[in-house]
Protein chains: 2
Amino acid sequence: MMLTIGKLGREVGVKVPTIRYYENICLLPEAERSAGNQRLYPKTALDRLAFIRHARELGFPLGAIRDLLSLADRPDQSCAAVDSIARGQLEATRARLRNLRGLEAELERMLDQCACGTVSDCRVIEALGKQPHVLLHAME
Amino acid sequence: MMLTIGKLGREVGVKVPTIRYYENICLLPEAERSAGNQRLYPKTALDRLAFIRHARELGFPLGAIRDLLSLADRPDQSCAAVDSIARGQLEATRARLRNLRGLEAELERMLDQCACGTVSDCRVIEALGKQPHVLLHAME
DNA sequence: CTAATCTCTCTAGTGACTAGAGGTTCAAGG
DNA sequence: CCTTGAACCTCTAGTCACTAGAGAGATTAG
């Protein structure tokens, strides 16, 4: 009927300390306790934790997930706020992609030019010493 | 002849506390000091800091940059080690790209399906509750 | 009953900075 | 020479999302 923290973590694929951490920062409600003070979770905890896990995998920061969860708890409201969080995440993802594509190109260029001799004529070292070709604002 | 920390930072585009941080973790050598205990840098510090900055922009972690710098200081050795660090970085970049492309696709799919009604029939919330389509190992 | 496995709390560490407090030094203008 | 304001100093703590480890108690299988 009730799940221990280890079982919950195994089912959902989240490590035990991470679940405790989520409880600490109030992303998960405080669990009930057994007679011996161990956490016991109802089946519904599976869904909530899976939701968090999936959102994390999509790159949502915990703050955004907190917002999404509290929206999900009010099913009668408009989902415009949900959409806007997701759209923000999509935008952030695209920005990171643009960034990384630039990096990939520059790294490829650097490595292509390297004749692999001694460090003194290494193109990689030389390229790193020069002003960057790619200007980035957020590395993340 | 010598540069203050502020001037150095402005020239290279690195914030002053970041330079001090780099000195703290021994990525930069300890700077000389003025009579009044302020850091003074020779012109060569411009190159070294620019190197660090550029490598950071390419996503190299500071540990890798430390290795690159110590390699760069031994110009007679083979640059194979340099190459392998750079190749590792290229691989990491490509892995992140694959990851992010998957995320982008899933976020797009989620948003496309959203009819934007109430939260109770929101596809985004629903999609997040389901098992993930994309399995990721490292989010970074 | 015992041994193995889980679980508990708590603290501290990761990476790469950033922010802030509270104080000192420097360069320019009057 | 004096003052003002910017730039500098050190140090601590905070960020994010965990992860690792210590040392102790709980539970379960044989």
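It should be emphasised that the depicted structure is a prediction, and the values quoted were computed from it without experimental measurement.
A donor-acceptor contact shorter than 3.5 Å links the side chain of B:Arg53 to the backbone of B:Val12. Although no hydrogens or angles enter the test, the distance criterion places no donor-acceptor pair under 3.5 Å between the side chain of A:Gln89 and the main chain of B:Leu107.
Along DNA chain D, read 5' to 3', the first and last nucleotides having any atom under 4.0 Å from a heavy atom of chain B are D:dC8 to D:dT10.
Counting to the nearest Å, the P atom of C:dC10 and the CD atom of A:Glu23 are 12 Å from each other. Following rounding to the nearest Å, B:Leu40 (CG) and C:dT25 (P) show an atom-to-atom distance of 14 Å. Across the protein-nucleic acid pair, A:Arg20 atom CZ and C:dT7 atom P stand 8 Å apart, rounded to whole Å. If you take CG of A:Leu8 and P of C:dC8, they are 11 Å apart, rounded to a whole angstrom. For A:Tyr41 and C:dC8, the OH to C1' distance is 12 Å, given to the nearest whole Å. Straight-line distance from the CG atom of B:Leu3 to the P atom of C:dC26: 16 Å, rounded to whole Å. Look at CZ on A:Arg10: it is 13 Å from P on C:dT5, rounded to the nearest Å. For the pair A:Tyr21 OH and C:dT14 P, the computed distance is 17 Å after rounding to whole Å.
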Assess whether side-chain contact (heavy atoms from CB on, under 4.5 Å) is satisfied between B:Glu108 and A:Leu90, documenting all intermediate values. CA-CA 7 Å; B:Glu108 277 169 354; A:Leu90 179 56; 4.0 Å; yes

For salt bridge (charged side-chain N to carboxylate O under 4.0 Å, His left out), just list the numbers for A:Glu126 and A:Arg123, CA-CA rounded to whole Å, side-chain angles, deciding distance to a tenth of an Å, and then say yes or no. CA-CA 5 Å; A:Glu126 195 188 316; A:Arg123 298 289 150 187; 3.2 Å; yes

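Among the nucleotides C:dA16, C:dC8, C:dT18, the one closest to the side chain of B:Arg56 is C:dA16.
Within residues 28-35 of chain B, the residues having any heavy atom closer than 4.0 Å to DNA chain D are, in order of number, B:Arg33.
Along DNA chain C, the nucleotide nearest to B:Gln38 and the one nearest to B:Leu62 differ in position, and the one closer to the 5' end is contacted by B:Leu62. Residues B:Asn37 and B:Phe60 each lie close to DNA chain C; by heavy-atom proximity, the contact nearer the 5' end of the strand is made by B:Phe60.
Residue contacts shown for B:Ile5 are limited to sugar-phosphate atoms, with no base heavy atom under 4.0 Å away.
Heavy atoms only, all atoms of each residue included: A:Val82 and B:Cys122 are closest at CG1-SG, 3.7 Å. Looking at every heavy atom in both residues, A:Pro42 comes nearest to A:Leu3 through O-CD1, 4.1 Å.
Of the charged side-chain nitrogens involved, none lies within less than 4.0 Å of a carboxylate oxygen, so that A:Glu104 and B:Arg96 do not count as a salt-bridged pair. For B:Arg87 and B:Glu91, the salt-bridge test fails: no basic side-chain N is under 4.0 Å from an acidic carboxylate O.
The shortest side-chain heavy-atom distance between A:Arg33 and A:Gln38 does not fall under the 4.5 Å cut-off.
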